[in-house]
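Okay, so here's the structure we're looking at.
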Amino acid sequence: MKRGDGDGVRGGVVALLAARGARTHRRAWAAVFAALALGSLLLGTLGLAAGSAALGHARVERYAGADAVVAGTQSTRYTAKPWGSEARTVRAGLTERVRVPARALDVVRQVPGVRAVIADVAFPVTVGGARVTGRPWEAMRLASASPRLLDGQVPTGAREIVVGEGVARAGDRLSLAYGTGSATYTYTVTGVSADAPRTVHFSPDESRRLADRAGRAGELDAIGVIADSGVPDDVLRTRVRHALDAAHLRDVSAPHRAPDDPAPLRVLTGDARGEAEFLAAAPARMPLLQVLASLASVVVLVGVLVVTSTVAQALRQRARELALLRAVGATPWQLRRAVGREVGRIAALAAAVGAVGAVPAYLALRALLVGRGAVPEGLELPFPPWLATAPLGTAGLMVLIAWLTALGCCARAARVRPAEALREEVPGSARRLTGCVLLGLGAASAGAGALQHGAAAAAAASASALTMVIGCALLGPWVARGAMRVLGAPMRRLGVGGRLAASACTANAARLGAAITPVVLVTAFVLVQLAGGATLGHEAAAQARDAARADVAVSGPGVPYDAVERIRRLPGVAAATAVAHGTIVLPGKELGEPGLERLPVLGVTPRSLARTLDPAVREGSTDGLRPGTVAVGTDRARTLGVRPGDHVQLRFGDGSEARLRIVATYERALALGDFLFSYEELTRHMTAPPPVRVLAALAPGASPASLSTAFPGARVERDPVPERVRAEDQALGDVLTALAVAAIGGFTVIAVLSTLTLISVGRGPELRQLRLAGADRRRLRRMLLLESAATATAGLSLGTATAALPLLAFALSAAGRLPWLPPGQGALIVAVVVLTTTSATLLPARGALRGRYPVAAR
């Protein structure tokens, strides 16, 4: 026979073995199919989300009619030298507007190819109690080449305005207040525009005057550039860039920035023009990508564990079959190729199904993120047709994982001599040692997490849980024996069924260990994911309730910016505090690496603060809060190594760096933020004054009616909702955490079902022998129920113990309390595990429990 004929015969044998194996073991491969399809679906969905986020950009609306936009640098950077490495620079986006010097108008106007230069400046205006934005009418040309007037004419005089449709009619007179004052001025409506929702347009001279009154003299929001016909965007951008650099122009925050944080003016074209309008859109892209990458890594790790577990269990059930094939002459090559082809076919089909479902799943995820407010206003997430092919790559990854697992699982049967392949494989000391080492590393990681803060502590907790779960999986047989030493005695007291269950579990420790492992996986991972966030949220809510001292809160469009002083003078008001929410950027090192941490903070008026909002001061006094000072949470102060009298260096939302003297430290930082500023200090670094919210404490017997009378149209809340800061990406984290829990739960339920189902199917002969020996259906069903109870109890206990150590370290470090989980979520975890283990144990055994068997003589 020729060489090619021999290869063909061997190939035919391999194909026959693979086809027969796939048909004969359909039930075993069903679980593998489900796990691979789910993994491919999740990874494909996350891949599409990451690709869309990477292509994301701010929506272009306000500057759609401009060819280029000159704007300030909406980012800050920090350079530091990590341990034993070269200096590195990190960047973080700024969500407060960085403005452009007005003198840049003349520089850009002289650039060749520029037809028109239009200044855009926005300032706060109050119309009829509603806060809107004031802008010059000529800036409407930046949004549209021909702005539409539904009625009237453009404003030219000092007391003329154009309003949006439905606000007023041409010829009407409106009272306006602007800036932070409460005085009103009367304007004549000269026109109504369809392009001006929530915007009031003024004449150019009046716009400049009002911007000066708002404290923005010589500053512009942006400069719109309209080019001559035929000038390409890249040529225009280059020319304007060179002109600005030649004039040595920087944005207005440049004098207040850190030395390593230059602030050149940006020239934006194309989709980048939207960044000058939707300031939160660009900074949100990187956190979104980071969260998606973190979630994808969790899905990959759990998916690998589950897929390898299901494939290994499916092939473990066929260990004797594979050994017999070796014994009758199958070569190692044929065995490996047959198993690889068999698994490859299943994996390719499952991965393809998951990849197809990834596109609608991503569209649903995007709709969920937008609906929950997890995507900031103005951030566009494009989905070009070519991006739909991305799930094919993740599908290939799942196929590769399954194929490599299959080759590894049949390695022993293919490697040993045929006569030895029929022997049972006994777990060796190397496996036990590896499992113990991983448990030790997990405990060490949890200990390291207790010394960290914020994201580092959370990462250490997740790494600890993962390492300890893998260690428990390797120690499965020994864990099962230990569990039966504890559970065996109580089970034997429950009659014949209990004695049968205890004997079966004790005699088959490897089988019980394989059943316990996926239960440990689901319990540990889900507990870490849920309890970590729940602990922080629970403690933050408790601190917010404890900090709340105000009897009423006044807010809404009827409250002027100077309301806090007026409220203090009202009869019956004992104290009043204005509150503003903002964001700062804190430079520093974490684990030796430079970083810029975005933190939500509060600005307050310090007078009698403890009577309205008590931060639980530990050292110093918040009475000293004023521009140039700050109060710091005790945990953050401990991390920074500072105390009252020391200084801390940080950056505000507009990029300005400040060195502030610490006047106090306080306990309730989870609710009120790590830094507490004076209201004046925080708001002067914000794009526009925030909506006013005043907390007021009333004298005994006083009524809040006077507040409603003093501010008609204001909302006066009795027992107001406690003040609590929230991170900008909290909504995103909440949605994706829920997705991570669902993904982990789905994976591990598949693993539990497949493992226990395959174990129960393999026990068919054993159960039939017990029936022949006289055990009736009731006793066998009781035995199986007790075995499933033992599996669930051991898995839940070990999973809880595995999660307890990293959770304890994280909770004590981040919240200063024991871990907490809502009782409903804990009950749901237990219910899912119990229902899954019970159904996976009883349903496959129905065939062995049916039929009539001889009844033993009593």
Please examine the side chains of [Y] and [X], heavy atoms only from C-beta on, and report whether any two atoms are closer than 4.5 Å.
X      : Y      : value
Ser555 : Val692 : no
Leu244 : Val267 : yes
Ile567 : Val564 : no
Val125 : Val127 : yes

What is the minimum heavy-atom distance between [X] and [Y], and which atoms define it?
X      : Y      : answer
Gly218 : Asp212 : N-OD1, 4.1 Å
Ala563 : Val694 : CB-CG2, 4.4 Å
Ala170 : Gly152 : CB-CA, 4.3 Å
Ala247 : Val107 : CB-CG2, 4.0 Å

Suppose we screen for ring-ring contact (aromatic ring centres under 6.0 Å, His included). Which residues come up paired with Tyr679, at least two apart in sequence or across chains?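 Scan of Tyr679 (ring-ring contact (aromatic ring centres under 6.0 Å, His included), adjacent residues dropped) gives none.
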Original post:
Should Asp245 and Arg241 be marked as a salt bridge (charged side-chain N to carboxylate O under 4.0 Å, His left out) after you check the CA-CA gap, both sets of side-chain angles, and the distance that decides it?
Top reply: CA-CA 6 Å; Asp245 290 343; Arg241 171 82 275 149; 3.1 Å; yes
With distance as the sole test, does [X] use its side chain to make a donor-acceptor pair with the main-chain N or O of [Y] at under 3.5 Å?
X      : Y      : result
Lys589 : Lys81  : yes
Arg62  : Glu277 : no
Thr629 : Arg626 : yes
Ser203 : Gly157 : yes
Asp120 : Asp221 : no
Thr577 : Leu695 : no
Glu160 : Thr156 : yes
Arg77  : Asp260 : yes
Asp106 : Arg103 : no
Arg273 : Gly270 : yes

Do other residues, nucleotides or ligands put more than 12 heavy atoms under 6.0 Å from the [atom1] atom of [X]?
X      : atom1 : answer
Arg209 : CZ    : yes
Arg115 : CZ    : yes
Glu565 : CD    : yes
Arg109 : CZ    : yes

Would you give the length of the straight line joining atom [atom1] of [X] to atom [atom2] of [Y], rounded to the nearest 0.5 angstrom?
X      : Y      : atom1 : atom2 : result
Arg366 : Leu381 : CZ    : CG    : 6.5 Å
Asp271 : Leu55  : CG    : CG    : 10.0 Å
Leu369 : Leu288 : CG    : CG    : 7.0 Å
Ser621 : Leu609 : OG    : CG    : 9.0 Å
Leu268 : His57  : CG    : NE2   : 13.5 Å
Thr89  : Tyr78  : OG1   : OH    : 10.5 Å

Starting from the C-alpha separation in whole Å, work towards a yes-or-no answer on side chain to side chain contact (heavy atoms under 4.5 Å, CB included) for Asp67 and Val225. CA-CA 6 Å; Asp67 296 298; Val225 181; 5.8 Å; no
Side-chain donor-acceptor contact under 3.5 Å, [X] with [Y]:
X      : Y      : answer
Thr583 : Arg598 : no
Arg173 : Thr188 : yes
Asp654 : Ser253 : no
Glu275 : Gln74  : no
Glu138 : His201 : no

**Report entry** Pair Thr687-Glu96, side-chain hydrogen bond (donor to acceptor under 3.5 Å, both in side chains): steps then yes or no
**Finding:** CA-CA 5 Å; Thr687 302; Glu96 304 295 345; 3.0 Å; yes
Please determine which of Leu210, Thr186, Ile161 meets the side-chain contact (heavy atoms from CB on, under 4.5 Å) test together with Leu176.
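So, applying the side-chain contact (heavy atoms from CB on, under 4.5 Å) to Leu176 and each of Leu210, Thr186, Ile161, only Ile161 qualifies.
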* Should the pair Arg159 and Tyr187 be classed as cation-pi, given the thresholds of under 6.0 Å to the six-membered ring centre and 45° from the axis? ->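 Because its charged atom sits under 6.0 Å from the ring centre and within 45° of the axis, Arg159 does stack over Tyr187.
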With a cut-off of under 6.0 Å to the ring centre and 45° to the axis, is Arg636 in cation-pi contact with Phe675?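 No, Arg636 does not lie over the aromatic ring of Phe675.
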Could you walk me through whether Thr76 and Arg651 satisfy the side-chain hydrogen bond (donor to acceptor under 3.5 Å, both in side chains) test, starting with their C-alpha distance in whole Å, then the side-chain angles of each, then the deciding distance to 0.1 Å, before giving a yes or no? CA-CA 9 Å; Thr76 184; Arg651 300 174 187 186; 2.8 Å; yes
Item to check | Check against side chain to side chain contact (heavy atoms under 4.5 Å, CB included), Phe652 and His256 | outcome: CA-CA 10 Å; Phe652 288 98; His256 310 289; over 6 Å; no
(Q) Under a 4.0 Å threshold between the charged nitrogen and the carboxylate oxygen, would Glu657 count as salt-bridged to Arg257? (A)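 Salt bridge between Arg257 and Glu657, a charged N being under 4.0 Å from a carboxylate O: no.
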Quiz item: Please walk me through it: do Val630 and Ile662 pass side chain to side chain contact (heavy atoms under 4.5 Å, CB included)?
Solution: CA-CA 5 Å; Val630 68; Ile662 300 172; 4.2 Å; yes
Distance-only donor-acceptor hits, side chain of residues 228-238, under 3.5 Å, sequence neighbours excluded:
residue, atom, partner, partner atom, Å
Arg237, NH1, Thr269, OG1, 2.6
Thr238, OG1, Asp234, O, 2.8

Between Arg135 and Thr199, is the side-chain hydrogen bond (donor to acceptor under 3.5 Å, both in side chains) condition met? List the steps. CA-CA 7 Å; Arg135 294 179 67 205; Thr199 306; 5.6 Å; no
Residue pair Arg208, Asp205: steps toward the salt bridge (charged side-chain N to carboxylate O under 4.0 Å, His left out) verdict:
CA-CA 5 Å; Arg208 283 191 291 271; Asp205 292 339; 2.3 Å; yes
Practice item. Determine, stepwise, if the pair Arg568 / Thr605 fulfils side chain to side chain contact (heavy atoms under 4.5 Å, CB included). Key: CA-CA 12 Å; Arg568 284 187 183 130; Thr605 49; 3.5 Å; yes
